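It should be emphasised that the depicted structure is a prediction, and the values quoted were computed from it without experimental measurement. Order of the sequence lines sets the chain letters (A, B, ...), proteins ahead of strands, with each chain counted from 1.
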Amino acid sequence: MIDFWHFGVANTARFATATGQHLSLVITAVLLSILLAALITAGIDALQNNRQLKSNGRTPHAAHKLAESVQSSLAALYAVPSLALFALAIPLLGIGTATAIIVLVAYNQFLLVRNFSAGLASVDTGLYEAARSLGCTRLQAFTSVQLPLAAPILIAGVRLATISTIGIATIAALVDAGGLGALIFTGLRTNSLNLLLWATLLTMLLALFANAVLSLCERLFSRTTHGKCDTVNTDFSS
Amino acid sequence: MIHAIISYFDSSSAEYVHALWQHIAIAVAAVTLAIVAGFPLGVLSSRNRVARSIVTGTLSTLRVIPSLALLFLIVVLTGQVGFQVALFALTVLALPPVMINTTVAFSHLPPATVEAAEALGMSSFKIFWQVKLPLAAPVVFAGIKTATTEVIASATLAAFIGGGGLGTLIFTGLGLMRTDLLVIGGASVAALSLASLALLNLCERRLIPWKHLPS
């Protein structure tokens, strides 16, 4: 036990570098994932709510099918083990941090798109229409009505994706992306229990910390949006 | 690339079949062990409040440990490598999803249905097998599905600790920078994972046909 602490103190710089590397890998991957998932969700949403097709009285059957197949192929991608994805990515993209980030981003799409779609669907379309009829532009109605109301579900998706990315990023050490995974592999090779334990502990702490911070955001958003809704309602009645 | 893949199957198809078989064997063994141990423990812990909170709270926190770290920790702690250690590690990994889902399923049964069965004079043995188990089955099965996906993925990492399987191809490919091995290994693991999921979905529809009925 004392040995364990001594080891940690003696290698502080090494652990700090690895944790920093891990964190920057995860943050880059999660931010890019959110961007891509937002685009995919917008695409799916546009296909499913195609105004022109709806006003023609035609059910957008093909569009629905396409949106569904996008979601099921993302689910299939998510079911593929991460090491297999890394192995398949190396011949195409080579070795390095960029490969790791691309694989992590691909892996996150299922969780994020699922939650983003669910978040948008959870907002009453009546509220969006009301905002539009009050003179909001589409963008304004989206940013000031839909987005804040959907925020708790959107953030829940980001939270799940971040936790899973922190775990999978350890495997990214195999494609030379560094981070805490590199220490875990070194720990096995050199049979160093202390190194393994410290790297594991830091990965866990990172995941628990991300979970705590994002849970807090989730709760904060659900409170503010509920508050706003209440004031809007009383304004209308008076 | 395609030439390299074809020549690999030409020369080492026996080795490939062996790796595939090892992968399937270790995964099936680990999931079976996890069910045999996790299901009764889950049922028991659903009956006790303290045990329930330990299972749903502590075990889900432990799942934050990356599977890679858990696998390697077990190796360094036991000081051994090989099939048995890998099997043990994979079982440990598969246990939480099975146990958590069993506990949750059995502690959220509709009380009215269970009481109706009691009022009709069914023995507690009969109630368990004919009322509780069918009602809990969908959630329990979901846990088994999660465990299977996780075990097949982590069995790839088990190659690193001498557990054999398709991961061997990937690690050899990484070590020698043989992209043909990487593609064969990666594609096989991916296909195996998707196939197992399809198989489990089929089983689910056969075994629990009432899952999709409106409750």
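- The greatest number of non-hydrogen atom pairs below 4.5 Å with chain A, out of L77(B), L166(B), I65(B), is found for I65(B).
- Contact between L196(A) and F72(B) at its shortest, heavy atoms only, is CD1-O, 3.6 Å.
- Contact annotation for L174(A): both backbone and side-chain heavy atoms come within less than 4.5 Å of a heavy atom of chain B.
- Residue-environment remark: CZ (F209(A)) stays at or below the threshold of 12 foreign heavy atoms within 6.0 Å.
- Within 6.0 Å of CZ in F39(B) there are more than 12 heavy atoms belonging to other residues, nucleotides or ligands.
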| task | Go through the steps for F185(A) and L68(B) under the test side-chain contact (heavy atoms from CB on, under 4.5 Å), then give the verdict. | result | CA-CA 9 Å; F185(A) 276 102; L68(B) 183 73; 3.6 Å; yes

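- The candidate with the highest count of non-hydrogen atom pairs below 4.5 Å against chain A, out of G173(B), G185(B), A187(B), is A187(B).
- Comparing L193(A), I166(A), I168(A) by how many heavy-atom pairs each has under 4.5 Å with chain B, the most go to L193(A).
- Taking L73(B), L71(B), L197(B) one by one and counting their heavy-atom pairs under 4.5 Å with chain A, the maximum is reached by L73(B).
- Annotation for I95(A) and M177(B): closest pair CD1-CE, 3.8 Å, computed over non-hydrogen atoms.
- For I90(A), the part lying near chain B is the side chain, with the backbone staying farther off; criterion is any non-hydrogen pair under 4.5 Å.
- Heavy-atom distances place both the backbone and the side chain of F160(B) under 4.5 Å from chain A.
- Scanning all heavy atoms of the two residues, the minimum distance from P66(B) to G167(A) falls at CB-O, 4.0 Å.
- Looking at L192(B), there are no atoms closer than 4.5 Å to chain A (heavy atoms on both sides), in backbone or side chain.
- Between chain A and the residues V183(B), T179(B), V76(B), L169(B), the largest count of heavy-atom pairs under 4.5 Å involves V76(B).
- For T156(B), the parts lying under 4.5 angstrom from a heavy atom of chain A are both the backbone and the side chain.
- Residues T200(A) and A69(B) come closest through the heavy atom pair OG1-CB, 3.4 Å.
- Residues L182(B) and L88(A) form no side-chain contact, since every pair of their non-hydrogen atoms from C-beta on lies 4.5 Å or further apart.
- Residues V80(A) and S193(B) form no side-chain contact, since every pair of their non-hydrogen atoms from C-beta on lies 4.5 Å or further apart.
- Closest approach of L194(B) to A79(A), counting heavy atoms only: CD2-CB, 3.9 Å.
- The candidate from N191(A), L188(A), L206(A), I184(A) with the greatest count of non-hydrogen atom pairs under 4.5 Å with chain B is L188(A).
- Crowding of L207(B) atom CG: a count of heavy atoms from other residues, nucleotides or ligands under 6.0 Å exceeding 12.
- The side-chain heavy atoms of L83(A) and V189(B), taken from C-beta on, include no pair separated by under 4.5 Å.
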